[in-house]
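Right, one structure below, let's go through it.
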There are 2 protein chains.
Amino acid sequence: MDKQERSYKDKKVISIGTVSELTGLSLRQIRYYEERKLIAPFRNDHGTRKYSFNDIETLMDIADKREDGVQTTEILKEMRLQERKRERESKDDIKKKMLQGQLNAQFRNRRGQL
Amino acid sequence: MDKQERSYKDKKVISIGTVSELTGLSLRQIRYYEERKLIAPFRNDHGTRKYSFNDIETLMDIADKREDGVQTTEILKEMRLQERKRERESKDDIKKKMLQGQLNAQFRNRRGQL
DNA sequence: CGTGTAAGGAATTCTGACACG
DNA sequence: CGTGTAAGGAATTCTGACACG
């Protein structure tokens, strides 16, 4: 996913009625999940909520878990765990790339010595 | 761009007020360009227009051309030319892939004969 | 806890039209 | 041709609250 596409996914431009249609959740449910800190829509000048496609995906995950009887507090914890996991993986990825870069450099050096 | 990301770009979910903010165009202008067939927003049950990120990009292109004094009729022609060009390129791409496939098959055959 | 609902107000969007140039 | 604007109506969204379980 390049920068441009990311921006589509993260841009908060969708109003709550459309989100409701897309997710099958009621307005009440969507607003309640915000109250429980599960999502954070953007508020424009007037105070109208605007959601991203990312928010919609999160809401669909929430809907699945709620159907399985998971409470919002639990869902919040799970989401935070997931978040930390992604951060770790992202860091590991950077480390891996740096290591690879060093190996490549060594390889070039040895080849030069032959 | 994979299917998922395409769907974000093409999904018509943004209302005209937000499009106006994002493009800097007035509601009147956006509706007028639709009247001139330059864009085709989705209409929901109530009749409210819904735009995609793609529509927004098109509108920004239109805005640039209008600033250069290009009339909507001309812009429409240009857009249709562009569309045909993209179609040709897409077809050429398929042909190229088929040809490559045949070459690969021949190569495998000859190698087998050795 | 999670969700429905009625309440009143404010902002959005729609269409058709008149205006200007 | 392209755009602004006032007009009247319909649908959207917001918040705080009461209800149920």
Side-chain angles (χ1 to χ4, degrees), chain A residues 11-80, chain B residues 11-80:
Chain A
K11 203 130 200 174
K12 307 215 173 207
V13 294
I14 311 173
S15 52
I16 196 168
T18 303
V19 173
S20 172
E21 285 175 19
L22 259 33
T23 60
L25 294 167
S26 69
L27 305 187
R28 185 68 165 98
Q29 286 174 311
I30 298 170
R31 294 192 189 114
Y32 180 68
Y33 299 150
E34 175 184 358
E35 191 183 321
R36 302 316 307 271
K37 310 285 184 192
L38 299 182
I39 42 172
F42 167 74
R43 296 294 190 112
N44 67 13
D45 346 298
H46 168 47
T48 304
R49 294 169 176 84
K50 295 295 175 187
Y51 302 83
S52 66
F53 283 112
N54 230 333
D55 291 329
I56 289 177
E57 288 186 9
T58 302
L59 283 169
M60 295 178 109
D61 287 346
I62 294 171
D64 286 345
K65 289 179 182 168
R66 283 293 302 128
E67 276 184 25
D68 292 344
V70 186
Q71 293 196 339
T72 56
T73 323
E74 291 307 312
I75 297 176
L76 182 57
K77 284 180 196 164
E78 288 176 23
M79 285 174 53
R80 285 182 173 161
Chain B
K11 203 130 200 175
K12 307 214 174 210
V13 293
I14 311 173
S15 52
I16 197 167
T18 304
V19 172
S20 172
E21 284 175 20
L22 259 34
T23 61
L25 294 167
S26 70
L27 306 187
R28 185 68 165 96
Q29 287 174 310
I30 297 170
R31 293 192 189 115
Y32 181 67
Y33 299 150
E34 176 184 358
E35 191 183 320
R36 303 315 307 271
K37 310 285 184 191
L38 299 182
I39 43 170
F42 167 74
R43 297 293 190 112
N44 67 13
D45 346 297
H46 168 46
T48 304
R49 295 168 175 84
K50 294 296 175 185
Y51 302 82
S52 67
F53 283 112
N54 230 333
D55 291 329
I56 289 177
E57 288 187 9
T58 302
L59 283 168
M60 295 178 110
D61 288 345
I62 294 171
D64 285 345
K65 290 179 183 169
R66 283 294 301 130
E67 276 184 24
D68 293 343
V70 186
Q71 292 196 339
T72 57
T73 323
E74 291 308 312
I75 297 177
L76 183 57
K77 284 180 194 164
E78 288 176 23
M79 285 174 53
R80 286 183 173 160

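Bear in mind that the values here come from a model prediction, so they are computed numbers and not experimental data.
Side chain of Gln29(A) to main chain of Ser26(A): a donor-acceptor pair is present (N/O by atom type, distance under 3.5 Å, no hydrogens or angles). Side-chain atoms of Thr48(B) do not come within 3.5 Å of backbone N or O of Asn44(B) as any donor-acceptor pair.
An OP1 or OP2 oxygen of dG4(D) is reached within less than 4.0 angstrom by a side-chain nitrogen or oxygen of Ser26(B). For Arg66(B), a side-chain nitrogen or oxygen approaches OP1 or OP2 of dT3(D) to under 4.0 Å. Side-chain nitrogen and oxygen atoms of Arg43(B) include at least one within less than 4.0 Å of the OP1 or OP2 phosphate oxygen of dT15(C). Distances shorter than 4.0 Å separate none of the side-chain N or O atoms of Tyr32(B) from OP1 or OP2 on dT3(D). An OP1 or OP2 oxygen of dT13(C) is reached within less than 4.0 angstrom by a side-chain nitrogen or oxygen of Ser15(B).
dG2(D) atom C1' lies 13 Å from atom CD1 of Ile62(B), rounded to whole Å. Rounding to whole angstrom units, CG of residue Asp45(B) and P of dT12(C) are separated by 21 Å. Between the CG atom of Leu76(A) and the C1' atom of dG2(C) there is a distance of 16 Å, given to the nearest Å. A straight line from CD of Glu34(A) to P of dG16(D) spans 12 Å, rounded to a whole angstrom. Nucleotide dT13(C) holds its C1' atom 10 Å from the OH atom of Tyr51(B), rounded to whole Å. Regarding Arg28(A), its CZ atom lies at a distance of 10 Å from the C1' atom of dA17(D), rounded to whole Å. What separates CD1 of Ile14(A) from C1' of dT13(D) is a distance of 16 Å, to the nearest Å. Glu74(B) places its CD atom 15 Å from the C1' atom of dG2(D), with the value rounded to the nearest Å.
dT12(D) and dA10(C) make up a base pair, with Watson-Crick or G-U wobble contacts both under 3.5 Å. In this structure, dA19(C) forms a base pair with dT3(D), meeting either the Watson-Crick or the G-U wobble geometry with both donor-acceptor distances under 3.5 Å.
Of the residues near DNA chain D, Thr18(A) and Tyr33(B), the one whose nearest nucleotide (by heavy atom distance) lies more toward the 5' end is Tyr33(B). Residue order along DNA chain D, read from the 5' end via each residue's closest nucleotide, puts Gln71(B) first among Gln71(B) and Thr48(A). When each of Arg36(A) and Leu27(B) is assigned the nucleotide of DNA chain C with its nearest heavy atom, Arg36(A) is the one assigned upstream, toward the 5' end.
Tested against Asp55(A) for a salt bridge (charged side-chain N to carboxylate O under 4.0 Å, His left out), the candidates Lys11(A), Lys50(A), Lys12(A) yield a single pass: Lys12(A).
By the 4.5 Å heavy-atom criterion applied to side chains, Ile30(B) and Leu59(B) are counted as neighbours. The shortest side-chain heavy-atom distance between Ile75(B) and Arg66(B) falls under the 4.5 Å cut-off.
Across dG4(C), dA10(C), dG4(D), the shortest atom-to-atom separation from the side chain of His46(A) is found for dA10(C).
Between the side chain of Arg31(A) and the base of dT15(D), no donor-acceptor pair under 3.5 Å is found. On a pure distance criterion of 3.5 Å, no polar donor-acceptor pair joins the side chain of Arg49(A) and the base of dT13(D).
Note on Arg31(A) versus Glu34(A): no salt bridge recorded, every NZ/NE/NH1/NH2 to OD/OE distance being 4.0 Å or above.
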